[in-house]
Trainee: 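Please read through the structure below; I'll follow up with questions.
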Amino acid sequence: MYKEMPNFPPGKAIVFEGTGKPFRMVEGNIYPDQGPSIIVRNRYTTLCGSDIHTFCGHRKEPDEVVLGHEIAGDILWLPQEEVVTDLRGEPVAVGDRITWSIFAVPPGIEAPREDMPQKSGQLFKYGHALATSNDLFNGGLADYCVLRPNTAFLKISPEIPLKVAATISCAHATVTGALRIAGDITSKNVLVFGAGLLGISCVAMCREAGAKWVGLIDSDESRLGWGAKFGADEIYAFAQNGNNDGFPWPDADIVFDMTGHPEAMKAGIESLALGGSAIWIGAVFPAAAVPVDAQRIVRRVLGIKGLHNYNYDDFLNATIFIENNYRKYPFEELVEKEFTLDEVDNAFRYATESKPVRVGVTIS
Ligand SMILES: [Zn+2]
């Protein structure tokens with residue numbers, strides 16, 4: 001039985017209207033006819049790399065969009081009298097802190113594969129949808145978020161710092177998926193290309209999964225400084241001019257690419273030990289094709305796998321990873337600067353110019 005939704009105070013949403021235009025602050029109400037939805041009070045949003053790409057015009061989103069899909073918030077309202085449970089089966093109540101999946105499969109739509117709900121047709125994605133007066137609260141840079149039906153959500157401890165909790169639903173969940181498709185990491189030598197949040201998280205996850213040795217590679221030497229704090233055995237500078245002949249790093253059983261850059265992916269394949277696997281998750285923007293030496297793939301028995309976003313198991317396992325490790329590794333430090341919702345223009349400018357691992361937006 002669904003309850004009638006009360007009137008909530010109007011809330012702010014920060015609308016992106018295109019590259020070069022200032023963000024527009026819109027005040028609006030939660031539209032009551034969006035169906036029986038969980039209403040969340042957003043508390044914190046981190047700006048993901050794809051938000052920055054949209055801001056810079058490298059990605060196309062709807063003409064008016066409330067960006068932000070790495071969000072943590074508190075349940076403000078539950079639509080039914082009956083007990084509501086999260087993805088883990090735990091009951092939730094108003095006031096509970098939650099994290100939720102970046103996507104929701106619309107009711108009536110069947111996933112193309114059970115293990116790939118994120119590839120369903122007509123998929124809804126938070127922070128990527130058209131913002132209208134009837135549907136304003138569908139991204140992270142706003143006071144509220146109206147959760148669509150079929151959104152996977154998880155209750156999390158309020159002790160997890162908000163700036164860490166926010167990053168679960170994109171970065172860490174995607175990396176968890178990458179480790180899933182990589183298979184058993186135990187006693188493997190691993191190379192991670194890209195020292196952004198995905199690469200840094202990947203280093204820590206491989207370390208926790210029992211990797212024998214983990215190397216981290218990036219062309220930005222300042223980012224490599226995070227490697228040791230997150231469990232990397234060695235860090236290496238990647239020469240962007242393509243002159244990486246005779247790599248300074250050893251061959252690896254598993255190579256993760258978080259960069260999406262063809263030269264890095266090519267170097268990754270060339271760094272694979274016999275029977276090794278390359279796992280690609282960074283290539284989510286148009287780029288030149290990666291030259292692949294087919295004979296090398298065959299004779300060295302190599303594999304290449306890609307993954308876009310993540311599934312429900314990945315989301316749950318990422319949350320468990322953060323619950324178990326947020327005190328062990330300094331994930332909080334990776335959100336290098338914080339802004340308020342009123343300072344979103346500055347937040348994006350800082351993210352673009354200073355290239356920190358993450359910028360955070362506090363929502364009070
Ligand atoms: Zn993201």
Side-chain angles (χ1 to χ4, degrees), residues 14 16 42 44-62 65-73 98-104 116-119 123-129 131 138-142 145 147-148 151-154 162-180 192 194-202 205 223 256-261 279-287 306-312 314-315 317-319 321-322 331 334-336 339 344 347-348 351-352 355-361 363:
I14 309 299
F16 176 72
N42 287 346
Y44 204 98
T45 294
T46 41
L47 303 184
C48 170
S50 65
D51 292 315
I52 314 292
H53 281 137
T54 302
F55 175 76
C56 296
H58 303 148
R59 269 175 72 104
K60 185 80 187 107
E61 293 291 356
V65 59
V66 176
L67 294 174
H69 54 270
E70 286 187 342
I71 324 165
I98 59 167
T99 171
W100 58 99
S101 62
I102 183 175
F103 64 88
M116 295 184 191
Q118 81 275 24
K119 301 314 294 181
L123 196 72
F124 172 83
K125 288 175 91 173
Y126 296 97
H128 297 273
N138 54 26
L141 295 176
C145 193
L147 298 201
R148 296 295 205 269
T151 300
F153 63 94
L154 284 160
L162 275 166
K163 54 175 73 166
V164 180
T167 55
I168 293 172
S169 65
C170 184
H172 301 303
T174 305
V175 176
T176 306
L179 265 77
R180 168 173 56 84
V192 179
L197 184 53
L198 276 77
I200 293 167
S201 172
C202 188
M205 284 193 197
R223 291 240 175 142
F256 290 96
D257 179 75
M258 313 305 193
T259 72
H261 289 294
I279 309 296
W280 289 352
I281 66 172
V284 288
F285 50 86
L307 177 72
H308 186 217
N309 294 148
Y310 55 84
N311 67 24
Y312 302 125
D314 301 328
F315 175 54
N317 288 328
T319 304
F321 171 80
I322 288 298
F331 286 108
L334 298 174
V335 182
E336 296 179 49
F339 295 83
V344 162
F348 274 91
T352 316
K355 299 187 171 37
V357 177
R358 277 290 184 276
V359 163
V361 176
I363 305 159

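Both counts, for ligands and for their atoms, begin at 1 and track the order of listing. Quick note: numbers below take in every heavy atom, side chains included, and nothing from hydrogens, waters or symmetry partners.
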Trainee: Using side-chain hydrogen bond (donor to acceptor under 3.5 Å, both in side chains) as the criterion, list what pairs up with H53, not counting sequence neighbours.
Mentor: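 Applying side-chain hydrogen bond (donor to acceptor under 3.5 Å, both in side chains) to H53 gives none.
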
Trainee: Could I get the full list of side-chain contact (heavy atoms from CB on, under 4.5 Å) partners for T46, not counting sequence neighbours?
Mentor: Y44, E70, A166, T167, V335, R358

Trainee: Are the aromatic ring centres of Y312 and Y310 under 6.0 angstrom apart?
Mentor: no

Trainee: Take the Zn ion (ligand 1) as the centre and count protein N, O or S atoms at distances under 2.8 Å.
Mentor: 3

Trainee: Going through the checks in order, is the side-chain hydrogen bond (donor to acceptor under 3.5 Å, both in side chains) test met by K119 and H308?
Mentor: CA-CA 8 Å; K119 301 314 294 181; H308 186 217; 2.8 Å; yes

Trainee: Where does the angle between the aromatic ring planes of F321 and F331 fall among parallel (under 30°), tilted (30 to 60°) and perpendicular (over 60°)?
Mentor: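 Judged by the thresholds at 30° and 60°, the geometry between F321 and F331 is perpendicular.
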
Trainee: I'd like to check the side-chain contact (heavy atoms from CB on, under 4.5 Å) partners of K355; sequence neighbours left out, ordered by chain and number.
Mentor: R223

